[in-house]
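Residue numbers start from 1 in every chain, and the chains themselves are labelled A, B, ... in the order their sequence lines are given, proteins ahead of strands.
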Amino acid sequence: MLDIQLLRSDLNAVADRLASRGYTLDTDAFASLEGERKALQTRMQELQARRNATSKQIGEAKRKGDDVSAIMAEVANLGDELKAAEIAFETVQARLDAWLLTIPNLPHESVPVGDDEGGNVEVRRVGVPRSFDFEVRDHVDVGAPLGLDFETGAKLSGARFTVLRGPIAQLHRALAQFMLNTHTLKHGYTEMYTPYIVNDSALYGTGQLPKFAEDMFKVTRGGDEGTVDQYLISTSEITLTNTVRESVLKAAELPIKLTAHSPCFRSEAGSYGRDTRGMIRQHQFDKVEMVQVVHPDRSFEALEDMVGHAEAILKALELPYRVVTLCTGDMGFGATKTYDLEVWLPAQNTYREISSCSNMGDFQARRMMARFKDEDGKNRYVHTLNGSGLAVGRTLVAVLENYQNADGSVTVPTALRPYLGGLEVLGA
RNA sequence: GGAGGUGUGGCCGAGUGGUUUAAGGCACUGGUCUUGAAAACCAGCGACGGUUUGCGCCGUCCGUGAGUUCGAAUCUCACCACCUCCGCCA
């Protein structure tokens, strides 16, 4: 959520910055809504002040035993008038709030301007794609004999669900454990275990709602519908970030660095034709997530750190990748700046997203009322960051494709062997 | 699932319709005193919004939301969370 003060004081500048990410701010609508709000709020508060003063008079008069019928008559209509004024104000305020929740964040000045992914800027490449002396197979063909089972997944749950069996399930689990261990032991994150079902208020906090409901899975209780809407998490960013919702942290508590391994559920509405083969795009996938809650002066440093933490996993697994700065037009809703990590997939002969690290600035903090007490004792919004470290399913895909052998076996990356009892090769 | 109970500022806690403008205490901050510290004493000390160049002024907030009333922390209803006991359960 943007600071409404910024819209009031500098509407055109905000509109220009939003235009760079392809969002058209309706400045006329804001000006008229805001004008209404101001008038209605002033009127409501005046009536409230009158009611308070009059009620006080009545109380005093009654205590003295005076006749209060004159005053009572004077305020006979005040109640109705006030009620009407309150409703009018609340209606406009609700419209203003609802509208504010749909406005994306302002891009940071260091973000390249562009319309779509074509405008993204490569920052660096790390590792050299391996050359194969046999015909490269994709992860579906490599994985099938090792226990990658799409048919059973489809039988159980439909398209975009997958069953992992035996060695490939173990490899998947080893990847997640390796990631968690790295982030907790080497990068200073606190390991968390959090709910997979959340109330809608958490989703407003991190920005999935109100705009992206169609990407979520909504759940209902058996028997009766709950009073609040609940959803399966699409990322543990939601739960990790919302741990600081509605709190005032001490400056000394910052930065807070959290990590969790969780399943993620995405409906993938609107992407029916894309990545239908394999486990690149699933309704359910595992991810190890990193979240940082930091002092506002240090969030861009923290973003660089976090990208390094995600890169450390790819480096340790010796997977070739590149780092890309997303341009204004390709960034997510709440981000001020985003780096994507793209891993080399030899069968696709291209780099594919495996991590996305974003500095959300105070965008989520303002929605969540997540603050800290600064050096002067004032409450200020924290900044929040999140990044995948990494998407486990896609990492599995990358390992299968990059480590495949001519005989159909897959070499286990050295870093993972301790998690698999020293196993060096899958299959063979 | 059944029965009972509880929700008040950072914390404890008083408050059952009207000077509550939320008592009192703890914690915290500043000051006096002291060689220094502690103690004691004095003072300050919530959040959010509106308005104002500023001092300030106004409004809202006692788990959440509705309602009754000229007036609600206090009365009514619903919901949420927590606690105790019973049942069930991985």
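- The gap from the P atom of B:G31 to that of B:G18 amounts to 42 Å, rounded to the nearest Å.
- Taking the six-membered ring where the residue is Trp, A:H283 and A:F217 present perpendicular rings, their angle passing 60° and hence far from 30°.
- The separation of B:U6 from B:A73, taken at their C1' atoms, amounts to 15 Å, rounded to a whole angstrom.
- Distance, A:Q45 CD to B:G59 P: 8 Å, rounded to whole Å.
- Put simply, CG on A:L82 is 10 Å from P on B:A72, counting in whole angstrom units.
- Heavy atoms from other residues, nucleotides or ligands lying under 6.0 Å from NZ of A:K83 number 12 at most.
- In this structure, B:U19 makes no Watson-Crick or G-U wobble pair, since no nucleotide meets both defining distances under 3.5 angstrom.
- Checked by atom type, the side-chain pair A:E304/A:Y339 shows a donor-acceptor distance below 3.5 Å.
- Residues A:R371 and A:I58 both approach RNA chain B. Their nearest nucleotides, taken by heavy-atom distance, put A:R371 toward the 5′ side.
- A:Q41 places its CD atom 6 Å from the C1' atom of B:G49, with the value rounded to the nearest Å.
- Comparing the P positions of B:A14 and B:C77 gives a spacing of 24 Å, expressed to the nearest Å.
- To the nearest angstrom, P of B:G59 lies 9 Å from CZ of A:R51.
- Computed from coordinates, the A:N379 CG to B:G46 P distance equals 11 Å when rounded to whole Å.
- Residue A:E86 is classed as having no contact, given no heavy-atom separation below 4.0 Å to the nucleic acid.
- Under the Watson-Crick and G-U wobble criteria, each requiring two contacts below 3.5 Å, nucleotide B:C11 is paired to B:G25.
- Using N1 to N3 plus N6-O4 or O6-N4 for Watson-Crick, or N1-O2 and O6-N3 for G-U wobble, each under 3.5 Å, B:C79 pairs with B:G63.
- In a base pair of the Watson-Crick type (N1 to N3 plus N6-O4 or O6-N4) or a G-U wobble (N1-O2 and O6-N3), with each distance short of 3.5 Å, B:U84 is matched with B:A3.
- A donor N or O paired with an acceptor N or O is found under 3.5 Å between the base of B:G18 and the side-chain atoms of A:K62.
- Comparing B:C12 with B:G17, their P atoms are spaced 26 Å from each other, to the whole Å.
- When rounded to the nearest whole Å, the span between NZ of A:K56 and P of B:U20 equals 9 Å.
- Listed nucleotides B:G59, B:C70, B:U21 differ in distance to A:N52; the shortest reach to its side chain belongs to B:G59.
- If you check B:A39 for Watson-Crick or wobble pairing at under 3.5 angstrom, you find it has no partner at all.
- The gap from the C1' atom of B:C82 to that of B:C45 amounts to 29 Å, rounded to the nearest Å.
- Listed nucleotides: B:G59, B:C48, B:C70. Nearest to the side chain of A:M369: B:C48.
- Between A:D362 and A:R366 there is a salt bridge, since at least one side-chain N of the basic residue sits less than 4.0 Å from a carboxylate O of the acidic one.
- In this structure, A:Y196 and A:Y193 have perpendicular ring planes: the angle between them is above 60°, well past the 30° mark.
- In this structure, the nucleotide among B:C70, B:U51, B:G67 sitting nearest to the side chain of A:R8 is B:U51.
- None of A:V291, A:T190, A:T235, A:T206 except one satisfies the side-chain contact (heavy atoms from CB on, under 4.5 Å) rule with A:L240; the exception is A:V291.
- Candidate nucleotides B:A47, B:G18, B:G49 were compared by shortest atom distance to the side chain of A:S55, and B:G18 ranks first.
- Of the candidates B:G71, B:U51, B:A47, B:U51 carries the atom nearest the A:K38 side chain, counting heavy atoms from C-beta on.
- Nearer the 5' end of RNA chain B, as judged by each residue's closest nucleotide, is the contact made by A:E60, out of A:L78 and A:E60.
- Across all strands shown, nothing is found opposite B:C89 as a Watson-Crick or G-U wobble partner with both distances under 3.5 Å.
- Here B:G59 presents its P atom at 18 Å from CD of A:Q93, a figure rounded to the nearest Å.
- Look at CD1 on A:I4: it is 16 Å from P on B:C48, rounded to the nearest Å.
- The side chain of A:Q48 lies closest to B:G59 when the candidates are B:G59, B:C70, B:U51.
- The same atom, C1', is picked in B:U32 and in B:A38; the two are 15 Å apart, to the nearest Å.
- A distance of about 47 Å separates the C1' atoms of B:U52 and B:G36, rounded to the whole Å.
- A:R266 places no side-chain N or O within donor-acceptor distance of the main-chain N or O of A:M216, the cut-off being under 3.5 Å.
- Within 4.0 Å (heavy atoms only), A:R43 reaches no atom of the nucleic acid at all.
- For A:A49, taking side-chain heavy atoms from C-beta onward, the closest of the listed nucleotides B:C48, B:C58, B:G71 is B:C58.
- Here the separation of B:G71 from B:U60, taken at their P atoms, is 12 Å to the nearest Å.
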